[in-house]
Peer 1: 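After the structure tokens below, expect a handful of questions from me.
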Amino acid sequence: MKNLIKSLLEEALNNLVENNTLPRDHGAQIHVEKTRQSAHGDLASNIALVLAKAVGKSPREIAGDIVGALPRSSDISRVELAGPGFINFFLSPSARWQQIEKIRAAKATYGTSNTGRGKKVMVEFVSANPTGPLHVGHGRGAAYGDALARVLKAAGYSVHSEYYVNDAGRQMDILALSVWVRYLELCGLEFSFPKECYQGDYIWDIAATLHRQEGGRLQHDLAILIQGLPNDPEARIDRMVEGAKNLLGEADYLLVFDLAKEIMVDLIRQDLNHFRVNYDQWFSERSLVDSGAIKHAIEVLEERGHLYQEGGATWFRSTAFGDEKDRVVLRANGSHTYFAADIAYHLNKVERGFEWLINIWGADHHGYVTRVKSAFQALGGGSDALDVLLVQFAVLYRGGEKVSMSTRSGDFVTLRALCKEVGEDAARFFYALRKPEQHMDFDLDLAKEQSNENPVYYVQYAHARICSVFRQMETKGIEMSDSQIDFSSLVEPEEMNLIDELSRYPEVVAKAAAGHEPHQLAYYLRETATCFHAFYNAHHFLNAEAAVREPRLALIDAVRQVIANGLGLLGVSAPEMM
RNA sequence: GCGCCGGUAGCUCAGUUGGAUAGAGUACUUGGCUACGAACCAAGGGGUCGGGGGUUCGAAUCCCUCCCGGCGCGCCA
């Protein structure tokens, strides 16, 4: 509808340019908006107000010219000039009626478009260290990233989703250490578990698997390991990791390390699976080392003259790209930094042919954004080909108290527990209702208690209600005719509102994709459900006289379709009964 | 100290490429099931859009400044 009016206005402006009423280079963008009040028509444009400055005439005068130059359309019943210079459009009934059959014919494809033109985009999200189960903070990134990927796909992009597995860093060494120490406890050794290690119960589970698999073969005297440790906790850990490596030997250490990693990644994959998040690919950080990709990336930077040596380390001159300081890629001890791996990863993404990279990170990584963008540019990437979207923290409250979240202490609410408490649908919709940059207060008591008050049920209920009507239709032996439906009796305000709401859906999807804001969709669905429930309560379908029955049934059939499509993009189910 | 994000109804939040009288959910008050699902609907009260200044026909939206909250400023990841 909006597009129709836009093209009418465009034609009018062209006409005015032709007869020299408007300058050729006015450069005004045509905006058409849904009006808030019915007195202002259905859709309105402020184009005359925007043009006023450039043309040097009063907005109302320009508006008059535009209205005069507007081509006729059977979809527009009336055009009015209003207020300071708004042009208000009133839609004809037939324009609305057409929308219903358009939706019913398009079915699951209604709302999809080709605005993305098949552009190859990679969405990377969650990518949490596999050192513990996912918590509700990760859930937010998962819900957002997955919904965004689905929305982009609907808008015609060629989308690839990926999870970057940080399986090469120090955190993973600590995980392996923690597992081995628990394993020693299972072997019967007595000592107090180091507080620097991961405390969560899942460490026990991995240790048990290790014990079942290897028996007592990996048992060593722990005393050597915990003797004469330094006071600094970080240094203590590094010393213990070193000790574990020495005692176990390279092969056995790797065995523990890999087992821990495999189990953790599997756990994370399962959690995300249940959350209806499925990746196209899980990409291993260590594969970048093994394939020589890191070496390759550093060579590329070297060739382009972006590196220098200082203090035994190799630095990337990121200040040349606006970073506040230069960053180390190779440490004095020869090992590469996490940053170096990330540079290689981004180079790899480009080499795989992706034209647009979207990274979704937790807000605590925002200090890292400039550095990665710098490296990306240094490697020859376009400045608009990489978007880093930050998801703010979800602060948890339980009983009015803030819940601390720390992987190390094992004190956190897992995504799995959340799903179990409130269900996947409610959890996904709850997340979807908040835009990512908004700091989020997550009241666990409320989320749990709300399970029947959650807005998701409001939307799902609309869908189930409609399905119920069609079930009733069958039991009552009523049939929809195959012939063309006469919509002329569809004139009630609730019906018009509902049709307008449905016809807005494709724009909402396109806007959600363009602005990476899937939350628009969640709000839209709630509003659509409101329009439907209002209609439902005011009018009858099956019990109405024949003339209005069929068009109304067709209308709610269209509503059902739009709600199902929209919920699908958010990873929420559309139940036929509830 | 510097940087990123936020501050909109009692609470949780939409609305920001500048548009007409700032919205929703929730909570509160009142009313609606003898025809298709009351997990619903209808009506009502509730606001210095953090404070102040500026830009203009017009500002929650843009600029400046201050206040409050979250996060970040490693040869960690």
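Only a predicted model underlies this, so the values are computations on that prediction, with no experimental measurement involved. Here is the naming used below: chain letters follow the sequence lines, and residue numbers restart at 1 for every chain.
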Peer 1: Determine the contact category for A:A544: base if any of its heavy atoms lies under 4.0 Å from a base atom, sugar-phosphate if only primed atoms, P, OP1 or OP2 are that close, otherwise nothing.
Peer 2: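 Nothing, no heavy atom under 4.0 Å.
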Peer 1: For A:L390 and for A:G312, locate the closest nucleotide of RNA chain B by heavy-atom distance; then report the residue assigned to the nucleotide nearer the 5' terminus.
Peer 2: A:L390
Peer 1: Could you tell me whether A:R236 and A:D232 make a salt bridge, using a distance below 4.0 angstrom between a side-chain N and a carboxylate O?
Peer 2: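 Salt bridge absent between A:R236 and A:D232.
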Peer 1: Given the side-chain rings of A:Y431 and A:Y144, with only the six-membered ring counted for Trp, is the space between their centroids under 6.0 Å?
Peer 2: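 No, the ring of A:Y431 stays outside the 6.0 Å limit from the ring of A:Y144, centre to centre.
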Peer 1: So A:M440, base contact, sugar-phosphate only, or nothing? Heavy-atom distance under 4.0 Å.
Peer 2: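 Sugar-phosphate: the residue A:M440, judged by heavy atoms under 4.0 Å, touches backbone atoms but no base.
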Peer 1: Hunt down the Watson-Crick or G-U wobble partner of B:C33, both distances under 3.5 Å, from any strand shown, or write none.
Peer 2: none
Peer 1: Flag this pair as yes if the NZ/CZ of A:R327 is under 6.0 angstrom from the six-membered ring centre of A:F339 and inside a 45 degree cone about the axis; otherwise no.
Peer 2: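 Pair A:R327/A:F339 does not count as cation-pi.
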Peer 1: Using a cut-off of 4.0 Å on non-hydrogen atoms, how would the nucleic acid contact of A:N46 be classed: base, sugar-phosphate, or nothing?
Peer 2: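 Contact class for A:N46: base.
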Peer 1: Return all side-chain donor-acceptor pairs below 3.5 angstrom for residues 528-538 of chain A, not counting sequence neighbours, or 'none' if the list is empty.
Peer 2:
residue, atom, partner, partner atom, Å
A:T528, OG1, A:E501, OE2, 3.3
A:T528, OG1, A:Y524, O, 2.9
A:T530, OG1, A:Y458, OH, 3.0
A:T530, OG1, A:R526, O, 3.0
A:H533, ND1, A:R465, NH1, 3.0
A:H533, NE2, A:Y458, O, 3.3
A:N537, ND2, A:H533, O, 2.9

Peer 1: What does B:C62 pair with, Watson-Crick or G-U, if both distances are under 3.5 Å?
Peer 2: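 Check on B:C62: paired to B:G54, both distances under 3.5 Å.
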Peer 1: Less than 4.0 Å between a side-chain N and a carboxylate O, is that true for A:R239 and A:E196?
Peer 2: no
Peer 1: By a strict heavy-atom criterion of less than 4.0 Å, which residues belonging to residues 366-375 of chain A are in contact with RNA chain B?
Peer 2: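 Close to the strand are A:H366, A:G367, A:Y368.
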Peer 1: Using the P atom as the reference point in each nucleotide, state the distance between B:U16 and B:A60 in Å, no decimals.
Peer 2: 13 Å
Peer 1: With distance as the sole test, does A:R552 use its side chain to make a donor-acceptor pair with the main-chain N or O of A:F541 at under 3.5 Å?
Peer 2: no
Peer 1: Does atom CD of A:Q309 have more than 12 heavy-atom neighbours from other groups under 6.0 Å away?
Peer 2: yes
Peer 1: If I pick the C1' atom on B:G18 and the same atom on B:C57, what distance separates them, to the nearest angstrom?
Peer 2: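 Taking atom C1' in both B:C57 and B:G18, they lie 12 Å apart.
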Peer 1: Please give the nucleotide sitting opposite B:C71 as a Watson-Crick or G-U wobble pair, both distances under 3.5 Å, or none.
Peer 2: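 Per the H-bond distance test, B:G3.
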Peer 1: Just call it for A:E33: base, sugar-phosphate, or nothing, with non-hydrogen atoms closer than 4.0 Å on any strand.
Peer 2: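 Here A:E33 touches no strand at all.
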Peer 1: What residues, two or more places apart in sequence or in another chain, satisfy side-chain contact (heavy atoms from CB on, under 4.5 Å) together with A:Q438?
Peer 2: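 side-chain contact (heavy atoms from CB on, under 4.5 Å) check on A:Q438 returns A:R140, A:K435.
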Peer 1: B:A43 and B:G53: how far apart are their P atoms, nearest whole angstrom?
Peer 2: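 Rounded to whole Å, the distance is 39 Å.
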Peer 1: Check this for me: A:E494, atom CD, are more than 12 non-hydrogen atoms of other residues, nucleotides or ligands nearer than 6.0 Å?
Peer 2: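 It does: A:E494 CD has more than 12 such atoms within range.
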Peer 1: Answer with base, sugar-phosphate or nothing: what part of the nucleic acid does A:H365 contact at a heavy-atom distance below 4.0 Å?
Peer 2: base
Peer 1: Please enumerate all residues that pass side-chain contact (heavy atoms from CB on, under 4.5 Å) together with A:N3, with sequence neighbours excluded.
Peer 2: A:K6
Peer 1: For B:U17, what is the paired nucleotide under Watson-Crick or G-U wobble rules, both distances under 3.5 Å?
Peer 2: none
Peer 1: What parts of residues 426-439 of chain A reach RNA chain B, counting only heavy atoms under 4.0 Å away?
Peer 2: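 When residues 426-439 of chain A is checked for heavy atoms under 4.0 Å from RNA chain B, the hits, listed by number, are A:R434, A:K435, A:E437, A:Q438, A:H439.
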Peer 1: Start with the C-alpha gap between A:W282 and A:E162, add the side-chain angles, then the distance that decides, and say whether side-chain contact (heavy atoms from CB on, under 4.5 Å) holds.
Peer 2: CA-CA 6 Å; A:W282 292 67; A:E162 196 154 296; over 6 Å; no
Peer 1: Hey, where on RNA chain B does chain A first and last touch, going 5' to 3'? Cut-off is any atom under 4.0 Å from a heavy atom.
Peer 2: B:G3 to B:A77
Peer 1: Assign A:H463 to base, sugar-phosphate, or nothing according to its heavy-atom contacts below 4.0 angstrom with the strands shown.
Peer 2: nothing
Peer 1: Quick check against the 3.5 Å criterion: does A:T131 have a side-chain atom that pairs as donor or acceptor with the backbone of A:M172?
Peer 2: no
Peer 1: Establish, yes or no, whether a centroid distance under 6.0 Å links the rings of A:Y345 and A:Y164.
Peer 2: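 Yes, close enough.
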Peer 1: Please report the distance separating the P of B:A59 from the corresponding atom of B:C63, rounded so that it comes out in whole Å.
Peer 2: 16 Å
Peer 1: Students often get this wrong, so: under 4.0 angstrom with heavy atoms, is A:A341 touching a base, only sugar-phosphate, or nothing?
Peer 2: nothing
Peer 1: Using heavy atoms to find the nearest nucleotide of RNA chain B for A:L49 and A:N537 separately, return the residue whose nucleotide is more 5′.
Peer 2: A:L49
Peer 1: With rounding to the closest Å, how many angstrom separate the C1' atoms on B:G58 and B:A24?
Peer 2: 26 Å
Peer 1: Using the P atom in both, what is the distance from B:G52 to B:G25, to the nearest Å?
Peer 2: 30 Å
Peer 1: Paired with B:G10 by Watson-Crick or G-U wobble geometry, both distances under 3.5 Å: which nucleotide is it?
Peer 2: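 Looking at the geometry, B:G10 pairs with B:U26.
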Peer 1: Select base, sugar-phosphate, or nothing to describe what A:H40 touches, counting heavy atoms under 4.0 Å on all strands.
Peer 2: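 Touches a base.
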